[in-house]
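We use all heavy atoms of the structure for the numbers below, so side chains are in, but hydrogens, waters and symmetry mates are not. Keep in mind it's a predicted model, so treat the numbers as computed, not measured. Count residues from 1 along the sequence.
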Amino acid sequence: MNTARNANKLRDPALGRVIAGRYRLEARAGEGGMGIVYRARHVLIDRVVALKLIRPDLRGETHLRAWMLREARAANRVDHAHIIDIHDIGETEEGELYLVMEYLVGTSLSSVLAKGPMPLSRGVDILEQMCAALARAHDLGVVHRDLKSDNILLLTRGGRKDFVKILDFGLAHLAMDPRLSPKGAVFGTPEYMSPEQARGEEAGPPSDLYALGVLFFEMLTGTLPFGSTDRETLLEMQRSKGAPKPSTIKPDVHPRAEAIVLKLLEKDRHKRYQDAHHLHEELKALQRSLPSALPQTPWEVQQAAQESHLAPPPPSPQSPGVIEWANRAALFSRMVSRVYAADSLPTEVHAALTQSWDLASRAARLEGEVASHTRMLESLERRGRALRAEIGRKVEELAHEESRALRDAASEQHEVTRLAALVQVAERAAGVAKEQADEATHLNTSSLLRAVYERSGATSAMLEARREALTLCQQKAHIKDAHAKELRRQIDELRAQLARYAEALEEDLAAAREKVTSRTREGIALEKSFCDVSNLLLNHLKPKPEVRDLVAELLSAMNGSATPNMVVKTSGLASGAIPESRRLSG
């Protein structure tokens, strides 16, 4: 075990570091475009997290700090079940940016799609969850900008398979900063990039919907709509080439699913779904139309068999906690009492033994202080999550209503345009009829006069009826448009309220985190001192034959711990063993 740990540290010297005085890096989980992701553990509350450190070559970009902090905080305000939770954001004393996220166990959508197309019901279920998360994010002004199968993690949660978590929300925007790139450069993942992004334009909510279309196409067919080994060729395809019909690749594709895909993959963003709420309605309608319980396909049976035989991932290491300090101090006291009489105890051994008890006592007191500060911090975090969720739900309800109101207003406006054209036709017809009536009156052609006046009266009546219909329709369009604007005003007010609250809460959280951090640093210093004292006593007592059994007991306890160091841990708040993810967040 120790050999493996030493090998890990040789591979990455950052392992074992404590970031921001709170998070000890335990294992390297992966590396992305913006940074390196580690499995880390809060050294006091024993919470396992995924910690992303900004890429070393970008740390000198001072403006990047503001970007990352702003984007991450904006994403964190979304607070949706299907978006990864962000626990902490900040900078180390050395100026390193870090992002602390929930630690997830799951399978990436990309690894699932690598096995081929998936059943329609499964694909729609996954897409519907993603769409719900995007709707909430877009309502709050947050755009993902780099949605792809690698950024979608499928978990098993509460007995439900395929529980979606979207990763890296909003952070892709950092790569588009002009100070980091040549003018006109295009960043992102070309296979999932919208036409507007491929042209170098700013990504918006329609860009995320286009990426959903690519993902749905991939779910239905097992392949991407556009493919090329040349990046520029692929970007040009995204800009100008029409998307193929999924049914040309897989003939049994559901017609309604194909229609949704093709609408999402429209080159003109205005021809896509108006917003994620509109798409969500379509997906729910498609779900309702599908059979509730389809028989498993051979592919599904095979997948279930494979998953059932997967060995559970190994547990994460657990720290011994301060109670173990007192136990080890007591064990050293037993050793000393066996080896030395009270009047022959060496001064350095006596001092070390006294110090071990003192350190254990100080650590116990510190644990109580940390427990108090941690409870306060967790209370603030819970309050923040609750308020973000409450405001988010209100915004989502209003935005869903706004989406329908805008569609109704657009429909009424379309009717206004149609009626306005009919009024013009009626006006021309009425004008012609009036001219004919005037001419018949002037010529005193009595045989035609009656028919002409009847025709003139009919065209005038039709004109008046169409004008009334147009006026009524304009009024309805105005009412619906005004309703949509009022909903937008309420949404903007709630978003502003959320921003104000988030800023105030962030100040309180920063103060609470600083208190925990200061105690953590003290705990780490105590830990180092206790390790030094323990090593001194152990080296002195290990050769003594009369305490061989106690030394073996001590070494067995130390080898049973997953970490060689002893970490202060808040009593009662330690989490259970959290399994190591097959693919970590970030």
Side-chain angles (χ1 to χ4, degrees), residues 31-35 54-55 57-75 78 97 110 130-131 134 137-152 166-218 223-244 261-276 279:
E31 186 170 358
M34 295 304 298
I54 196 66
R55 225 172 60 205
D57 57 311
L58 296 179
R59 288 172 189 161
E61 301 288 345
T62 55
H63 65 281
L64 190 61
R65 283 193 268 277
W67 265 116
M68 181 174 179
L69 295 175
R70 186 177 70 189
E71 290 286 338
R73 284 171 181 154
V78 176
L97 294 170
S110 58
M130 293 169 59
C131 188
L134 287 176
H138 293 169
D139 292 343
L140 295 174
V142 179
V143 181
H144 193 288
R145 299 182 176 94
D146 191 23
L147 204 60
K148 54 188 176 184
S149 55
D150 282 333
N151 283 333
I152 309 301
I166 304 180
L167 316 178
D168 282 350
F169 227 103
L171 297 181
H173 193 55
L174 299 174
M176 296 179 62
D177 191 294
R179 287 167 288 191
L180 294 179
S181 60
K183 186 176 181 181
V186 175
F187 289 90
T189 308
E191 290 82 359
Y192 299 88
M193 193 180 293
S194 66
E196 55 270 22
Q197 287 175 282
R199 292 191 294 267
E201 300 170 9
E202 173 70 5
S207 305
D208 284 348
L209 296 184
Y210 185 91
L212 281 187
V214 176
L215 285 166
F216 199 18
F217 189 103
E218 197 174 1
T223 186
L224 291 161
F226 305 108
S228 174
T229 56
D230 180 66
R231 176 182 172 87
E232 287 305 317
T233 301
L234 188 52
L235 290 175
E236 182 55 35
M237 287 179 173
Q238 297 287 24
R239 285 190 288 262
S240 59
K241 186 176 180 181
V261 167
L262 294 177
K263 187 166 184 176
L264 286 170
L265 294 179
E266 285 281 359
K267 299 300 178 186
D268 183 351
R269 71 183 79 184
H270 302 293
K271 293 182 179 180
R272 297 172 208 154
Y273 287 94
Q274 176 180 286
D275 49 45
L279 172 60

Enquirer: Grab the two heavy atoms, one from Leu262 and one from Pro244, that are nearest each other, plus how far apart they are.
Expert: CD2-O, 3.7 Å

Enquirer: Evaluate the side-chain contact (heavy atoms from CB on, under 4.5 Å) criterion for residues Tyr273 and Leu264: first the C-alpha distance (whole Å), next the side-chain angles of each, then the deciding distance (0.1 Å), finally the verdict.
Expert: CA-CA 7 Å; Tyr273 287 94; Leu264 286 170; 3.6 Å; yes

Enquirer: To the nearest 0.5 Å, tell me how far Tyr192 OH sits from Leu215 CG.
Expert: 5.5 Å

Enquirer: Minimum heavy-atom separation for Glu201 and Arg199, please, with both atom names.
Expert: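 Answer, listing the atom of Glu201 first, then Arg199: OE2-NE, 3.0 Å.
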
Enquirer: Can you find a heavy atom in the side chain of Glu202 that is under 4.5 Å from one in the side chain of Val143?
Expert: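 SC-SC contact between Glu202 and Val143 ruled out.
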
Enquirer: Roughly how far, to the nearest 0.5 Å, is the CG atom of Leu279 from the CG atom of Leu134?
Expert: 9.0 Å

Enquirer: State, to 0.1 Å, how close Met237 and Gly227 come at their nearest heavy-atom pair, and which atoms those are.
Expert: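 Result for this residue pair: CE-O, 3.7 Å.
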
Enquirer: If you compare all heavy atoms of Ala276 against all heavy atoms of Cys131, which two are closest, and at what distance to 0.1 Å?
Expert: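 Scanning both residues, the minimum pair turns out to be O-SG, 3.2 Å.
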
Enquirer: Do Tyr210 and Gln197 have a side chain donor and acceptor closer than 3.5 Å?
Expert: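 The answer is no; no qualifying pair exists.
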
Enquirer: Check for a donor-acceptor pair, side chain of Glu191 on one end and backbone N or O of Val214 on the other, with a separation under 3.5 Å.
Expert: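 No: the side chain of Glu191 does not pair with the backbone of Val214.
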
Enquirer: Could you measure the distance from the CZ atom of Arg269 to the OG atom of Ser207? Nearest 0.5 Å is fine.
Expert: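 OG of Ser207 is found 6.0 Å from CZ of Arg269.
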
Enquirer: Please enumerate all residues that pass salt bridge (charged side-chain N to carboxylate O under 4.0 Å, His left out) together with Glu196, with sequence neighbours excluded.
Expert: Arg272

Enquirer: Test side-chain contact (heavy atoms from CB on, under 4.5 Å) on Arg239 and Met193 and set out the steps.
Expert: CA-CA 9 Å; Arg239 285 190 288 262; Met193 193 180 293; over 6 Å; no

Enquirer: Suppose we screen for salt bridge (charged side-chain N to carboxylate O under 4.0 Å, His left out). Which residues come up paired with Lys267, at least two apart in sequence or across chains?
Expert: none

Enquirer: Would you kindly say whether Asp275 and His138 are connected by a side-chain donor-acceptor distance under 3.5 Å?
Expert: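 There is no such pair between these side chains.
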
Enquirer: Measure the spacing between NZ of Lys241 and OG1 of Thr233 and express it to the nearest 0.5 Å.
Expert: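 Here the rounded value is 10.5 Å.
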
Enquirer: Is there a side-chain contact (heavy atoms from CB on, under 4.5 Å) between Ile166 and Ile152 once you walk through the steps?
Expert: CA-CA 5 Å; Ile166 304 180; Ile152 309 301; 3.9 Å; yes

Enquirer: Drop me the distance from Leu224's CG to Lys148's NZ, to the nearest 0.5 angstrom.
Expert: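 NZ of Lys148 is found 12.5 Å from CG of Leu224.
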
Enquirer: Rounded to the nearest 0.5 Å, how far apart are CG of Asp168 and NE2 of His144?
Expert: 6.0 Å

Enquirer: Scan Asn151, Asp146, Asp150 and name whichever one has a side chain to side chain contact (heavy atoms under 4.5 Å, CB included) with Thr189.
Expert: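 The passing option is Asp146.
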
Enquirer: Suppose we screen for salt bridge (charged side-chain N to carboxylate O under 4.0 Å, His left out). Which residues come up paired with Glu232, at least two apart in sequence or across chains?
Expert: none

Enquirer: Side chains of Phe217 and Thr223: closer than 4.5 Å at any heavy-atom pair?
Expert: yes

